[in-house]
Amino acid sequence: MSHEDYPTDDPAVVTCGLPYANGDLHIGHLRTYVGGDVYARALEKLGQQTAFVCGSDMHGTPIVVNAEQEGVDPESFALEWHEQYEETFPKFAVDFDNYGHTHDETNTELTLEFVERMEAEGYVYEKEIKVAWDPEDDQPLPDRYVEGTCPYCGSKARGDECDEGCGRHLEPGEIEDPVSTISGNPAEYRERPHKFFRVSDLSEYLTEFLDRLEGTANARNQPRQWIEEGLEDWCITRDLDWGIDYAGEEDLVLYVWVDAPIEYVASTKQYSERVGSDVYDWEEAWKGDGEIVHVIGRDIIQHHTIFWPAMLHVVGYDEPRSVMASGFMTLNGEGFSTSRNRAVWAQEYLDEGFHEDLLRYYLATNGGFQQDVDFSWQKFADRVNGELVGDLGNFLYRSLLFAHRNWEGTPEADLSDEVRAEIEAAIDAFEAAVNDYSVRKLGDATLDLARFGNRYIQNNEPWKLVDEAPEAAAQVIRDCVQVAKAVAVLFEPLAPGKAESLWEQLGEDGSVHDAELDAVLEAPPAAFGTEPAELFEGVEDERVEELNEKLEPRVQEATGEDAASEGAAETESEEATAADSPDMEPIADERLSFEDFQDLDLRVGRIETVDPIEDSDDLVRLEIDIGAETRQVVAGIKQLHDLDELPGEKVVVVANLEKTELFGVESNGMLLAAGEQADLLTTHGDADPGEKVR
RNA sequence: AGCGGGAUGGGAUAGCCAGGAGAUUCCGCCGGGCUCAUAACCCGGAGAUCGGUGGUUCAAAUCCACCUCCCGCUACCA
């Protein structure tokens with residue numbers, strides 16, 4: 001790896017995070033793949049030798065569980081999704097040089113080599129750990145399907161990750177009070193021997209690595225905190241049948257996050273073997289001085305900036321030069337949800353008949369790569385109509401049509417200096433974008449050039465010149481054709497299909513995919529290939545309405561469902577999900593006897609004084625007059641109310657609650673309040689302090 | 001409280017890492033032009049205390065400190 005500007009003399013590898021083979025792809029997923037594809041194509045435009053590789057992630061517990069539910073074996077289950085992905089990506093012009101999967105021979109072999117090497121270097125050791133066990137089936141319970149209490153923050157958590165609490169990764173056996181989410185039975189702990197990767201030894205290396213790492217800022221910053229907190233050794237085996245067997249250990253398979261990133265290498269190797277190492281040498285890329293660029297979603301930053309470089313380092317491979325971590329996508333402002341069908345599916349987009357390049361453009365340029373990006377059909381239409389149709393398409397069409405009508409192709413003239421300079425500036429912007437890891441700027445470079453084109457043709461008015469001064473008109477249009485050619489090459493990474501059409505219109509030989517930046521300023525052919533035609537079609541308002549009408553019911557339904565089951569894991573039953581809803585708690589089924597209710601001594605009180613408790617964010621100490629006496633009560637309302645306005649306010653107090661101490665302050669009673677905003681319960685009329693509430 | 005991401009004309013965004021011209025672009029608005037072009041294009045205009053307060057500097061949207069608010073996960077919500 002180097003830190004020289006691209007292009008370098010070394011082979012580059014661009015990878016995309018492996019799609020997990022257990023569900024349909026939606027356009028949110030596509031953001032990463034389009035981003036990677038655009039970037040890889042852009043590198044090639046610079047003349048950088050590049051392999052763009054990926055593969056399906058086939059292993060792991062969710063696949064086992066889902067396969068079981070469908071009554072098929074995990075392999076065929078995962079393979080089915082794998083094949084679907086393999087077919088889907090090309091439909092969006094995401095054109096991997098190799099697309100493998102983690103269960104294939106290449107990956108299996110390489111993974112075993114990696115682990116062997118890690119063992120040989122002394123970075124793997126065995127340790128007995130507690131594993132959750134389903135006593136009924138006498139089977140180990142996968143971490144993902146164990147629920148319990150996080151040992152760090154005490155909140156409810158999943159076995160492999162404190163998903164609702166502190167977000168920490170949990171090692172097997174760490175979780176407290178484990179319960180199987182599959183059977184609902186309490187799980188036992190059993191001692192099992194497992195393999196650990198001594199990541200804790202590598203914090204110094206990883207810190208330095210992060211200092212060197214290029215790409216998006218979130219990928220550099222997020223893992224720092226982790227290292228500072230102290231890295232734990234990483235359990236790299238699981239009690240499972242499905243996966244890559246751990247050599248010499250019958251019961252163990254490797255944890256998916258070991259073999260998954262190795263697929264990047266395996267896939268590169270497959271590519272290399274297919275085209276020949278004289279064309280692309282995977283060993284030079286991975287063990288020599290390759291430029292490794294990982295394009296991922298921001299949810300898997302840790303794996304790519306801690307575990308993966310740690311593995312690479314230990315086995316003596318190159319470290320990644322860059323990690324580009326994309327933000328998520330939202331749909332009309334809310335998150336995508338696969339399980340609730342709140343999504344625009346990849347296939348659905350295609351079924352609507354839109355060209356893949358329109359979505360590619362939207363995904364790649366609608367905001368910074370690490371920024372979350374919202375999708376709506378309206379925004380989609382706006383950008384297509386305004387930028388692709390109005391600026392880019394319109395410029396190309398008006399220029400080429402004019403050329404075609406008057407000169408039947410490119411008029412004879414030399415490229416003017418003004419336009420040459422403008423095109424050169426666009427090339428510079430393109431190169432800068434690549435070195436900035438910004439696919440957005442890549443799009444801007446082309447659009448800016450097209451906008452220049454529109455200005456240029458407008459200001460020079462060749463339609464007026466063509467009769468009076470045909471030479472001058474020829475000059476203008478000759479320049480415009482060159483700009484069109486530049487657009488074809490520069491826009492190819494974002495819109496490969498449209499760029500190719502344009503290339504054909506211009507009468508160029510070969511494919512625009514093979515054209516590099518140095519072709520941009522070469523003279524275009526005198527004769528056009530095909531008659532100029534509009535490159536982009538607008539999206540009508542009615543069409544947007546129609547699309548929204550299809551989408552909205554689903555979004556609404558999903559949002560409604562969410563309100564009733566937010567925070568619930570996808571696999572949980574309806575019953576379980578309803579129970580812990582924060583938005584709309586279900587009414588309790590269990591009935592209270594009147595006697596029990598009578599036990600509650602509720603009184604009207606009047607707030608006398610309010611003092612914030614120092615060092616506490618929420619707690620305040622209140623003096624409340626409840627008729628017979630004045631009580632000191634502690635309540636968590638500091639941020640929710642204007643404390644100065646509270647004295648004099650009437651409230652309802654639970655008078656016979658046991659005393660407790662909060663933040664060192666005694667609380668003798670409880671203030672009743674509604675909801676998250678602690679809306680204080682008060683009286684409608686003029687009840688006096690001390691009146692009993694019943 | 002913690003972590004991450006944000007706060008830039010009516011809306012949406014860029015610029016911030018590597019501090020310096022009139023703060024970018026798109027949509028919308030107002031006025032004009034053009035008629036080669038897909039009611040597209042071009043020109044002009046209104047509209048921003050660049051979240052706040054301090055600091056560093058000749059110079060701050062940009063760097064530093066503190067703070068406020070918003071989003072996501074979560075807390076001391078008796």
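Chain letters run A, B, ... following the sequence lines, proteins first and then strands; every chain starts at 1.
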Practice prompt. Indicate whether any N or O donor in one side chain lies under 3.5 Å from an N or O acceptor in the other, for A:Arg383 and A:Thr365.
Written response: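 Present: a donor and an acceptor within the cut-off.
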Practice prompt. Examine the side chains of A:Glu387 and A:Tyr361 and answer whether a donor and an acceptor come within less than 3.5 Å of each other.
Written response: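 Distance-only check passes for A:Glu387 and A:Tyr361.
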With a 3.5 Å limit on both atom pairs, tell me what [N] is paired to, counting Watson-Crick and G-U wobble, or say none.
{"N": "B:rG44", "answer": "B:rC30"}
{"N": "B:rC66", "answer": "B:rG52"}
{"N": "B:rA59", "answer": "none"}

Worksheet entry | Selection from B:rA18, B:rC34, B:rC41 that lies nearest to any side-chain heavy atom of A:Arg398 | B:rC41
Fill in: Nucleotide nearest A:Arg451 (side chain, heavy atoms from C-beta), chosen from B:rU25, B:rC17, B:rC34
B:rU25
With a non-hydrogen cut-off below 4.0 angstrom, is [X] in contact with a base, only sugar-phosphate, or nothing?
{"X": "A:Lys379", "value": "nothing"}
{"X": "A:Gly327", "value": "nothing"}
{"X": "A:Asp391", "value": "sugar-phosphate"}
{"X": "A:Phe536", "value": "base"}

Starting at [atom1] of [X] and ending at [atom2] of [N], how long is that distance when rounded to a whole Å?
{"X": "A:Arg455", "N": "B:rU25", "atom1": "CZ", "atom2": "C1'", "value": "12 Å"}
{"X": "A:Leu447", "N": "B:rU25", "atom1": "CG", "atom2": "C1'", "value": "10 Å"}
{"X": "A:Asn366", "N": "B:rU25", "atom1": "CG", "atom2": "P", "value": "17 Å"}
{"X": "A:Met329", "N": "B:rG5", "atom1": "CE", "atom2": "C1'", "value": "17 Å"}
{"X": "A:Asn385", "N": "B:rU25", "atom1": "CG", "atom2": "C1'", "value": "17 Å"}
{"X": "A:Phe336", "N": "B:rG72", "atom1": "CZ", "atom2": "C1'", "value": "17 Å"}
{"X": "A:Glu537", "N": "B:rA39", "atom1": "CD", "atom2": "C1'", "value": "16 Å"}
{"X": "A:Asn218", "N": "B:rC71", "atom1": "CG", "atom2": "P", "value": "21 Å"}

Practice prompt. In plain terms, say whether A:Asp444 and A:Lys441 are close enough for a salt bridge, that is, a side-chain N and a carboxylate O under 4.0 Å apart.
Written response: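 A salt bridge is absent here (no side-chain N lies under 4.0 Å from a carboxylate O).
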Item to complete: Specify the residue among A:Arg220 and A:Asn459 whose closest nucleotide of RNA chain B lies further upstream toward the 5′ end.
Response: A:Arg220
Worksheet item: Which sits closer to the 5' end of RNA chain B, A:Asn394 or A:Arg440, going by the nucleotide each is nearest to?
Response: A:Arg440
Item to complete: Evaluate whether the aromatic ring of A:Phe402 and the six-membered ring of the B:rC36 base sit under 5.5 Å apart, centre to centre, with an inclination under 30°.
Response: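 The base of B:rC36 is not stacked with A:Phe402 (the test needs centres under 5.5 Å and planes under 30°).
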Fill in: Interatomic distance at C1', B:rA46 relative to B:rC29, whole Å
8 Å
